[in-house]
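This report concerns only the one structure given below.
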2 protein chains.
Amino acid sequence: MMRLMLALLAALPLFAHAGQLAQVASPDGRNVVQLDINGEGRLAYRVLRDGKPVIDDSRLGIQLRNGRELLRNLKLDAQASSSFDETWEQPWGERRFIRNHYNELRTTLVETDRDHRRFDVVFRVYDDGLGFRYEVPQQTALQRAEIEDEFTEFAIVRPAIAWWIPAGEWNRYEYLYNHTPLVEVSQAHTPITMRTADGLHLSIHEAALVDYAGMWLRRSDGQRLRAHLSPGGVQGASVVVSTPFKTPWRTIQISESAGGLVESSLILNLNEPNKLGDVSWFKPAKYVGVWWSLHLDTQSWATGTKHGATTENTKRYIDFAAANGFRGVLVEGWNVGWDGDWFANGWGFDFRKATPDFDIEALSKYAASKGVHLIGHHETGCAVSHYERQLAEALDLDQRLGIDVVKSGYVCDAGQIERQDSPDGPVTREWHDGQWMSNHHLHVVQEAAKRHIAINPHEPIKDTGLRRTYPNWVSREGARGMEYNAWGDPPNPPEHEINLVFTRMLAGPMDYTPGVLSLTGRGGKEIQSTLARQLALYVTLYSPIQMAADLPEHYAQHLDAFQFIKDVPTDWFDTRVLNGEVGEFVTIARKDRNSAQWFLGAMSDRNPRTLKVPLDFLDAGTRYRAEIYRDGEGADWHGDARFRFKRETREVTRKDVLDLWLAGGGGQAIRFVPLEH
Amino acid sequence: MMRLMLALLAALPLFAHAGQLAQVASPDGRNVVQLDINGEGRLAYRVLRDGKPVIDDSRLGIQLRNGRELLRNLKLDAQASSSFDETWEQPWGERRFIRNHYNELRTTLVETDRDHRRFDVVFRVYDDGLGFRYEVPQQTALQRAEIEDEFTEFAIVRPAIAWWIPAGEWNRYEYLYNHTPLVEVSQAHTPITMRTADGLHLSIHEAALVDYAGMWLRRSDGQRLRAHLSPGGVQGASVVVSTPFKTPWRTIQISESAGGLVESSLILNLNEPNKLGDVSWFKPAKYVGVWWSLHLDTQSWATGTKHGATTENTKRYIDFAAANGFRGVLVEGWNVGWDGDWFANGWGFDFRKATPDFDIEALSKYAASKGVHLIGHHETGCAVSHYERQLAEALDLDQRLGIDVVKSGYVCDAGQIERQDSPDGPVTREWHDGQWMSNHHLHVVQEAAKRHIAINPHEPIKDTGLRRTYPNWVSREGARGMEYNAWGDPPNPPEHEINLVFTRMLAGPMDYTPGVLSLTGRGGKEIQSTLARQLALYVTLYSPIQMAADLPEHYAQHLDAFQFIKDVPTDWFDTRVLNGEVGEFVTIARKDRNSAQWFLGAMSDRNPRTLKVPLDFLDAGTRYRAEIYRDGEGADWHGDARFRFKRETREVTRKDVLDLWLAGGGGQAIRFVPLEH
């Protein structure tokens, strides 16, 4: 054969002979991105931190199905640099104010051969990492792009270990995290978290996934990861777009500490500002509901003697919510369609019609009379087109009844989302994170916003920070949640929730549904957690809506611990990660957005440990009553020791240092209440 | 969320509680396949050898784009066992007779839920491994299948290392082999070769890839590999077929020794018998041609002063071929279209029209007058639809001129094959090993067969043994070949050709184009081989057509070594792997199909070594003159030491044992000529 020059050059060490084309540094100067074009006209970037390489020469390009790849024979046509610095306010979140401070490099590339197609690559470099995206302008030679894949690479220089879940498998995101050398990653979802041998923490993810397919990462060889777009479903190509278009931002967060990744706001910063205007109609809040009993199988979604969503049972939950200050009551199984084989079979669901034993009109009024709101529930069973056809009417109903948060669901195997473009047309399959579903989710969120309804999808597409632009997209699932503690084998091990903090949670809020103080799943299965740990979850796993997931009768048995669940807020003025190592332990402090109180949550893996925590995050000149909910002596993550629990109070100031003793699988939760002067 | 029962079961150790459904053993009883269905109705197989697990519970199923996955809620409807034993004759090959001896288990699965779709899984278990495939009958609920992917898994039980090349990357198959722990495989092409910690050798591949997409292997986690089908190009789904259909065979070859994999005929046995009838018109033979000078860039494909394919130059090669007993003369660059930017730009090629300085009519006659045949050359530049439109006329021309072997080419990046269904329609992109290309290649082979022409595609689809069914598909490239020694960086290291024996060559013949006795690439670049090694390649890397790739003037400088190239045949009665370890060394003996002569080839990696080789493969009662071409004293794979070479002769019988000393990067070639009684 005869690849000749091209093959020759491709076989050379990448860009060994290329000169540096363009460069941009972060505001603090520590992160530097350099761009090169090699002799073959292939574009690559590299990243340095403190002068040392972090990302080695990594190729950039787009593979088309309806044209030659945008990859070779490129030359730099123009470049422009700019700086940006603003501080913006979140309507709700982990912190009220976020600084968005970056230097931008925009490069315009043009092909030197016959088509002369053009595109820009835009880099934004922050002190805590960087993002880059392709922007393809309208042009005669490329009016419509059928994108087969991206050539975007991330070649990690220093030997690293990774925490990751597989992509392209039967499951969606509901895995325990793999913890392996980076060279053992096969194909992973983002965010993927890495730690290099010399202690640098990296996370690769994406921001602003709009009208595009989700990015998976496939390791090609060594520590070189490459973008692989979620498959295209019926349209074939992973992405079909008209020019002009912009890809999502490909992001690399960089931090010496694991906690630095958690404190980073890079993903939000790379999203567009709020498009909804005043969203004060969304109220961050806690909720309860008929949920855990369904997973315990003591009640059912289906109608009949075990039906959970009955008028009477729901009234009991409304009373419980009102009595304890919870705003929401979620009632799954309220609507028509649950009887029979519903798994991945959502064509029988009707989101406009309650079951006969669920008097939704009366219940809404009853709830309103007590200051409580029903939370809507739309399990699609993956019949997404069927759902879309009812969507407007279903949301109209919710709006009329004062239901202003809706939990949706997409239960089926990966790649099995059901699409039917016309009512009698064929049913085809899509992926949960393909382009079609990215558009579906945004469509739901936008329709809901019109009606002042917030959305909380389960089995969702991953979070890429779109809550900044659409603040009614308040939470989602997208990881192995609490329900695996009801019936999963194994249940979530103690390190899982710590892994979540440093992986899944980097994407955004998660509706993990904590607070199962009974610590027991189906058939007596032990939850691998102490009692105090269940409380810590409300601080460590952020969501603006948080469920008190256990049954009222179980809370009645643990009223001392339950007090923390009643007290903890779900909206924050500030967030600090005080310590932590991925999969081992973490301590997070958050300040309430609506008071001067601070809250702290700490968690340990299966090993007991003592964490020395200086309280210097507390406000100066203030004395606090620290309400401490901690593991009792002899507490541990299995057997009766799970329930060993101690509640105590002491006075502290920011000059104090606490020794937090955490049991194996344990945790600690603290409320800091300013004392009157 | 609520996966409930299904999720619960899926999370259980796979099939821990399932009973054994069906079982089949190899004729010698050592290999056993067991089938199970778990509580979720998911089907899996496992493989044991000598009672110990080799493949752990591995799921089976098909993911559709136009229907629910064929995966769950399966029950066994019927099973049937049978045995088969025949010996068939190859028209040409590594051996004349092949025994096809297996036990078969056919299981019919049916869905227990509403669709009641059915399919069979058929296992054929041999002493040297096994194959299995899905057979989907015609049925109302599944008339047309758009296959997104297969769930076919291969869970390797024992810790293993692997030799593999990446799939889904920009290159096709032209990589150096990765040699890593199996857990570091990301996505690999087949054949992939593995060796377990306890010394078992495994190769996973496929047989009879017809009207289907090539199978890649993606590691999901641990040592679990999963089928991933080459992407679908414009049709979207990887495979679109009507029922009834059969998938290719998924194959697992098993051997205690590395050489056992090479001796296995499992891939051929799982293909259909010869459909072409008498193919004696194909003549296994050696050829020479204008090729190495093009890669050295001393001549060019393009017309002009450097043009290689001129009447005069070709006459020189015809004379050289005739003088030395070579049947074929390959002349690349003979046709219109090479001038300008031809790379991945094949729309200007015309395979019916020679350049003005190439008198194809006169040359064909001149060649025929000397008993020589021109070899045709069809470089498509990946404009495959353009090629197909000319195919019949191009082959007609070849047939008329006595051109009975055609080398074709598909030079472009992976995924960039150009398809245009109608002359004015859009040009879309396909993968080299997608369903569309699998059909293209077979179409070319069938059209060629009608005209008694043999096909040798470069940048091809991988070999899956279809030469049994279409014996005019005589060879192909599909790996990093000799041309990388002209301009590759790095050139092929000594271990590469040994890796090829145990990986790529398991698929079938390769047109590696050996015999570059000048041992020097472009600009004086050293080929990492000794002189004797170039001779050994004719025995170790099987192809029924073998090039003497170097220039006539170079052979004139090494007439002693050149003698072996003149003597070695390309068609064999039998093949024996005498010793070998993947990537380290190998010795192969082959008996000429048309005489009583034996030939031996041995190669070493960059380390020198002495191999003790008993000659007990030789025929009993016969004395042979062993014509030994070996590394000379002080030979090595770099510098002048490459050329140290010794030719010697001795008499041997099957009772002798030879000590083969191989230099680093060296080799040895021996011709055993029976002595007259």
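Chain A is the first sequence line, chain B the second, and so forth, proteins listed ahead of strands; every chain is numbered from 1.
The choice from A:G168, A:A188, A:G222 that makes the most heavy-atom pairs within less than 4.5 Å of chain B is A:G168. Counting heavy-atom pairs closer than 4.5 Å to chain A, the top residue among B:G233, B:G236, B:A486 is B:G233. With chain B as partner, the option from A:V183, A:L71, A:N66 having the largest number of non-hydrogen pairs under 4.5 angstrom is A:V183.
Two residues are said to be in side-chain contact when any heavy atoms from C-beta on lie closer than 4.5 Å; B:L64 and A:R429 fail this criterion. At a threshold of 4.5 Å between non-hydrogen side-chain atoms, the residues A:E148 and B:P231 count as touching.
The two residues A:S186 and B:S220 make their nearest non-hydrogen contact at OG-O, 3.3 Å. Considering all non-hydrogen atoms of both residues, A:R218 and B:A167 come closest at NH1-O, 4.2 Å. Closest of all the heavy-atom pairs between B:Q416 and A:E69 is OE1-N, 3.1 Å.
Looking at A:P426, neither its backbone nor its side chain comes within 4.5 Å of chain B, counting heavy atoms on both sides. Using a 4.5 Å cut-off between heavy atoms, A:Y410 does not touch chain B at all. Looking at A:A237, neither its backbone nor its side chain comes within 4.5 Å of chain B, counting heavy atoms on both sides.
Between B:R219 and A:E184, no side-chain nitrogen of the basic residue sits less than 4.0 Å from a carboxylate oxygen of the acidic one, so the salt-bridge criterion is not met. Ion pair B:R65/A:E430 not flagged as a salt bridge, since none of the NZ, NE, NH1 or NH2 atoms sits closer than 4.0 Å to an Asp/Glu carboxylate oxygen.
Formation of a donor-acceptor pair under 3.5 Å by the B:Q63 side chain with backbone atoms of A:A414 is found in this model.
Note that A:R226 lies outside the cation-pi zone of B:W170, set by a 6.0 Å cut-off to the ring centre and a 45° limit from the axis.
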